[in-house]
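One structure below.
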Amino acid sequence: MPFKFHKLKQFFMSAKPQNLDDGSLILNPKAAHKYSLIWMHGLGDTAYGFLDVFQQMPVVKAETKVLLLQAPQRAVTINMGMKFSSWFDIKVLKADANIDQFVQDFQKTVSMEEIEDSKKIITNYLDQEVKLVSAKNVFIGGFSQGCCMALETAFSYPQQLGGIVGLSGYLFPTTQINEFQKETPILLVHGEKDQMIPCNLSKISYQRLDNSKRQMFNLHVIPRMGHEVPMPVIKAMMDFFQNAQK
């Protein structure tokens, strides 16, 4: 869902984004290109949803190219089959389901085919950026559905990435976690009062991650926060990129 973007002071002006044929946007770096960030929006949002965040706030370092990807238009079952920007179909929304039931029924509640299709789209962008800068300088992240897809794509990528950011999402029970991201820095943020994706579900889904070799792993649960991206989340992202972009 489109997040509630709190009003921000504009710190600096940025050039207009570059529009791609699939609706995605590129914010070119303000200094020599050293890093790339691939970012995915949530259900029903667009690539423009996070444009203000990355244009108006110094979330990433000036050497960072930001790619705001656009999800395809797809029929969404829980929205009466109407077409929305969607990385994958959600057939049943069980926000109150217990964890065991959620895991057991997961493949019946989403479109695994669309998850795989979206993963290919995102991986293609990853591959392009890895050719331009080293894989360890390429970052990936997203909000809600976009968070889920960032995690799904990153943990199957065959090279160590620079970092992973997941906001208000969860790790699919079906995500295969390879060995390449064992040391990759990770930032995960969730609202304690999230009404769309329960905080407890999100936290439990992340228990599958092996962080024993990871120097940077932050899981922030923000009190009283819902399914949104207020300033504490932006600040957490700033701190993460400041440390992870070396």
Could you state whether [X] and [Y] fall into the same hydrophobic cluster, counting links through intermediate Ile, Leu, Val, Met, Phe, Trp or Tyr residues with side-chain heavy atoms under 4.5 angstrom apart?
X: Leu132; Y: Ile121; value: no
X: Met216; Y: Val221; value: no
X: Ile197; Y: Val103; value: yes
X: Ile177; Y: Ile122; value: yes
X: Leu126; Y: Ile26; value: yes

Residue pair [X] / [Y], side-chain donor-acceptor N/O under 3.5 Å:
X: Thr77; Y: Asp89; answer: yes
X: Ser202; Y: His190; answer: yes
X: Tyr206; Y: Asn211; answer: no

Mind checking the [atom1]-[atom2] spacing from [X] to [Y]? Nearest 0.5 Å is all I need.
X: Asn200; Y: Ile204; atom1: CG; atom2: CD1; answer: 4.0 Å
X: Leu43; Y: His227; atom1: CG; atom2: NE2; answer: 8.5 Å
X: Thr64; Y: Leu37; atom1: OG1; atom2: CG; answer: 7.5 Å
X: Thr184; Y: Phe217; atom1: OG1; atom2: CZ; answer: 12.5 Å
X: Thr175; Y: Glu152; atom1: OG1; atom2: CD; answer: 4.0 Å
X: Lys61; Y: Lys34; atom1: NZ; atom2: NZ; answer: 7.0 Å

For this session: Please say whether more than 12 non-hydrogen atoms of neighbouring residues, nucleotides or ligands are located less than 6.0 Å from NZ in Lys91.
Result: yes
Exercise. Near Lys136 NZ, under 6.0 Å, is it more than 12 heavy atoms from other residues, nucleotides or ligands?
Worked result: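 Incorrect, the count does not exceed 12.
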Counting C-beta onward and ignoring hydrogens, is there a side-chain heavy-atom pair between [X] and [Y] closer than 4.5 Å?
X: Ile186; Y: Gln181; result: no
X: Gln55; Y: Val66; result: no
X: Glu183; Y: Gln160; result: yes
X: Gln145; Y: Ser86; result: yes
X: Leu51; Y: Leu68; result: yes
X: Phe139; Y: Pro185; result: no
X: Tyr157; Y: Val130; result: yes
X: Leu20; Y: Tyr125; result: yes

Can you name the nearest heavy-atom pair linking [X] to [Y], along with the distance?
X: Gly191; Y: Cys199; result: O-CB, 3.5 Å
X: Pro17; Y: Leu25; result: CB-CB, 4.2 Å
X: Leu161; Y: Ile140; result: CD1-CG2, 4.2 Å
X: Tyr170; Y: Leu151; result: O-CD1, 3.6 Å
X: Cys148; Y: Gly169; result: SG-CA, 4.4 Å
X: Met149; Y: Trp87; result: CG-CB, 3.6 Å

Exercise. Would Leu171 and Arg208 count as a side-chain contact (heavy atoms from CB on, under 4.5 Å) if you check the C-alpha gap in whole Å, the side-chain angles of each, and the deciding distance to 0.1 Å?
Worked result: CA-CA 9 Å; Leu171 182 66; Arg208 289 205 295 130; 3.8 Å; yes
Exercise. Mind checking what makes side-chain contact (heavy atoms from CB on, under 4.5 Å) contact with Ser85, not counting sequence neighbours?
Worked result: His41, Thr46, Gln70, Ala71, Gln73
Seminar exercise, completed: Sorted by chain and residue number, the side-chain contact (heavy atoms from CB on, under 4.5 Å) partners of Glu113 (sequence neighbours excluded) come out as Ser111, Asp117
For this session: In sequence, state the C-alpha distance, the side-chain angles, and the governing distance for Leu201 and Phe102, and then conclude on side-chain contact (heavy atoms from CB on, under 4.5 Å).
Result: CA-CA 9 Å; Leu201 184 154; Phe102 172 79; 3.8 Å; yes
Without swapping roles, check the side chain of [X] against the backbone of [Y] for a donor-acceptor pair under 3.5 Å.
X: Glu63; Y: His33; answer: no
X: Asp22; Y: Ser24; answer: yes
X: Ser118; Y: Ile115; answer: no
X: Thr109; Y: Phe106; answer: yes

For this session: Indicate yes or no: does Lys65 engage Glu129 in a salt bridge with an N to O separation below 4.0 Å.
Result: yes
Exercise. Between Asp239 and Lys235, is the closest basic N to carboxylate O distance under 4.0 Å?
Worked result: yes
Problem set entry | Pair Phe143 + Trp39: ring centers closer than 6.0 Å |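 Between Phe143 and Trp39, the centre distance exceeds or equals 6.0 Å.
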Exercise. Is the ring centre of Phe172 less than 6.0 Å from the ring centre of Phe88?
Worked result: yes
For this session: Could you please spell out the steps behind the side-chain contact (heavy atoms from CB on, under 4.5 Å) verdict for Leu187 and Phe241?
Result: CA-CA 9 Å; Leu187 170 67; Phe241 285 111; over 6 Å; no
For this session: Kindly determine whether Met57 and Met231 satisfy side-chain contact (heavy atoms from CB on, under 4.5 Å), including the steps that lead there.
Result: CA-CA 10 Å; Met57 300 291 287; Met231 273 305 301; 3.8 Å; yes
